[in-house]
Amino acid sequence: MKTIKTDVVIVGSGLAALYAAVKLSEKKKVVLLTKDKWQASNSFLAQGGIAAAYDKDDDWHVQLEDALRAGRYHNNIQETAYLAKESKHTVDTLMQMGMVFDHDEDGRISLAREGGHSAARVLHAGGDATGRELTTFVKSRLNWHVPIDEYTQVFDLIVTNGRCAGVWAKNKNGETIVYEARDTVLATGGCGHIYAPTSAHPAVTGDGLAIAYRAGAALKDMEFVQFHPTLLIKNGKVYGLVSEAVRGEGARLINEDGRRLLAGKHPLEDLAPRDVVTRELFKAQRTGLAKQVYLDISMIDRFSEHFPTIARLCEEAGIDLDGGRIPVSPGAHFLMGGIATGHSGRTTLPGLYAIGEAACTGVHGANRIASHSLLEAITYAATMSQNIIQEEKIPVHTAVPDLRPATLRLPSKKAIQRMMFQNVGIVRTEASLTRAVDWCQSWGIDFGEAGNLDVTKDEAERLNMLTVAWLIASSALERTESRGGHTRIDFPEETDEWRQKCITREVNHVESH
Ligand code: SIN
């Protein structure tokens, strides 16, 4: 087994991973591992931008209040305040590094409206290609000597004497490699692909979450999953996201008869926080008010110029933008929970850090406000890097992992995705969650003990997906209230009429195996 020694190993290649690599490599020897090509991340796909109280009439206190309201007051207030207060500085730092955000005709930074925000405060780059522009820019600032080992899949952490001492992985040729490191950073993103439909990149299968869990690190708030209201879905095929920024420019959610679906439902109407909009669309679909939901974009001039990525997705889907309507439906988008961390990115396992969507700093509460994910990625990659650079040096004792041959009985990815959307989706009940937990357990795997198994890359991914599905379903079963991204219709905030309709229509079929 080959061993590579480094100071810090970063797992993932999204914005948090890349920014941490830039910062850490100023002082440390860093290796970055990713199981696919480096662009395979949700950060790269992100259309929405970075929220910052940038306008002279805006105030970070208002941004904070908006984030707490959207997060249904489940947030870690101290960290959410830090994120909002730092947001202008975070953007300024990026611009000092050379990042260019979109400007208006007068040369001022363009600030857009997105869901949950009471002011125009979202910066974009390349219109709706902020994620691609930002990740490419940050990567360009990474010193050429920092290796990015692509197509290298991490299977498990190496824990010796109660401390994380690196990871073991399989490279593109299937060779096992030990990465011995004093500090290990999980920046593997969320777990969108345990659901279908989802806006997530197919590589986002919850690997870091499952790996951390197996190594004994604490996870929290796993029941809070955000479903974005507007995925472009036609004939059952998901083409991608239609950014909230489109509604920020005036687009409205309507049914096939042109009836507005969010009018009068929330003070911010179509720009209400995502959990509110998603529930309203789900309700409209389930009660027959909307056979098909559309975004009415007829009022947006030069749509393709403003939103080139979305225009391209529409073209792929055969949608004529001159018709002024884009068919949309909700899908899994973001995990508010994750590996429990604090300001420094430290987890409960010494030597292990987590940042980005894989981490739960508490800044998103029960429902993330728009354009706080790229902001969080940069902010906490910076605080963590500073912490790692300053910390006391502790010698690491690595051991070669004792790999165990295993024959696992695992469901297909499709079966997991279908089961999760049906039972642990936009609305949940005790019955649906119990079914989900039982289904996950029926595969006979002790999820906490399934470490260091010598299985294939595909088996490892499916094991991770099943583990995270079980973690989300079990956490959701325990939370007997409705809050943000976790809607229990048996513990409702909604009217009895709505509750009744949902319960009678509840899906009771679980894929058998
Ligand atoms: C969007 O553009 O609607 C998504 C942005 C985000 O996830 O905050």
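Just so you know, ligand 1 is whichever comes first in the structure, and atom 1 is the first atom listed for that ligand. This structure is a prediction, so every number in the text was calculated from the model and none was measured. Along the sequence shown, residues carry numbers from 1. Keep in mind that the numbers below use all heavy atoms, side chains included, and drop hydrogens, waters and symmetry copies.
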Is it the side chain (CB and beyond), the backbone, both or neither of Asp128 that lies under 4.0 Å from ligand 1, heavy atoms counted? neither
Could you tell me which atoms of ligand 1, counted from 1 in the order shown, lie closer than 4.0 angstrom to a heavy atom of His228? 1 (C), 3 (O), 4 (C)
May I ask you to say whether Glu461 pairs ionically with Lys35, meaning some side-chain N is under 4.0 Å from a carboxylate O? yes
Using a strict 4.0 Å threshold on nitrogen-to-oxygen distance, state whether Arg260 and Glu269 make a salt bridge. yes
So among Asp59, Asp57, Asp58, which one has a salt bridge (Lys or Arg N to Asp or Glu O under 4.0 Å) with Arg121? Asp58
Give the atoms of ligand 1, by number and element, whose distance to some non-hydrogen atom of Ser371 is under 4.0 Å. 6 (C), 8 (O)
Pair Tyr195 + Phe227: ring centers closer than 6.0 Å: yes
Taking only heavy atoms of His333, which atoms of ligand 1 are found under 4.0 Å from at least one of them? 4 (C), 6 (C), 7 (O)
Any Arg247 heavy atom less than 4.0 Å from ligand 1: no
Under a plain distance cut-off of 3.5 Å, with no hydrogens placed, do Ser371 and Glu114 share a side-chain donor-acceptor pair? yes
When you look for heavy atoms under 4.0 Å from ligand 1, do you find them on the side chain of His124, its backbone, both, or neither? neither
Atom indices of ligand 1, in the order listed, that fall short of 4.0 Å to a heavy atom of Glu244: 1 (C), 2 (O), 3 (O)
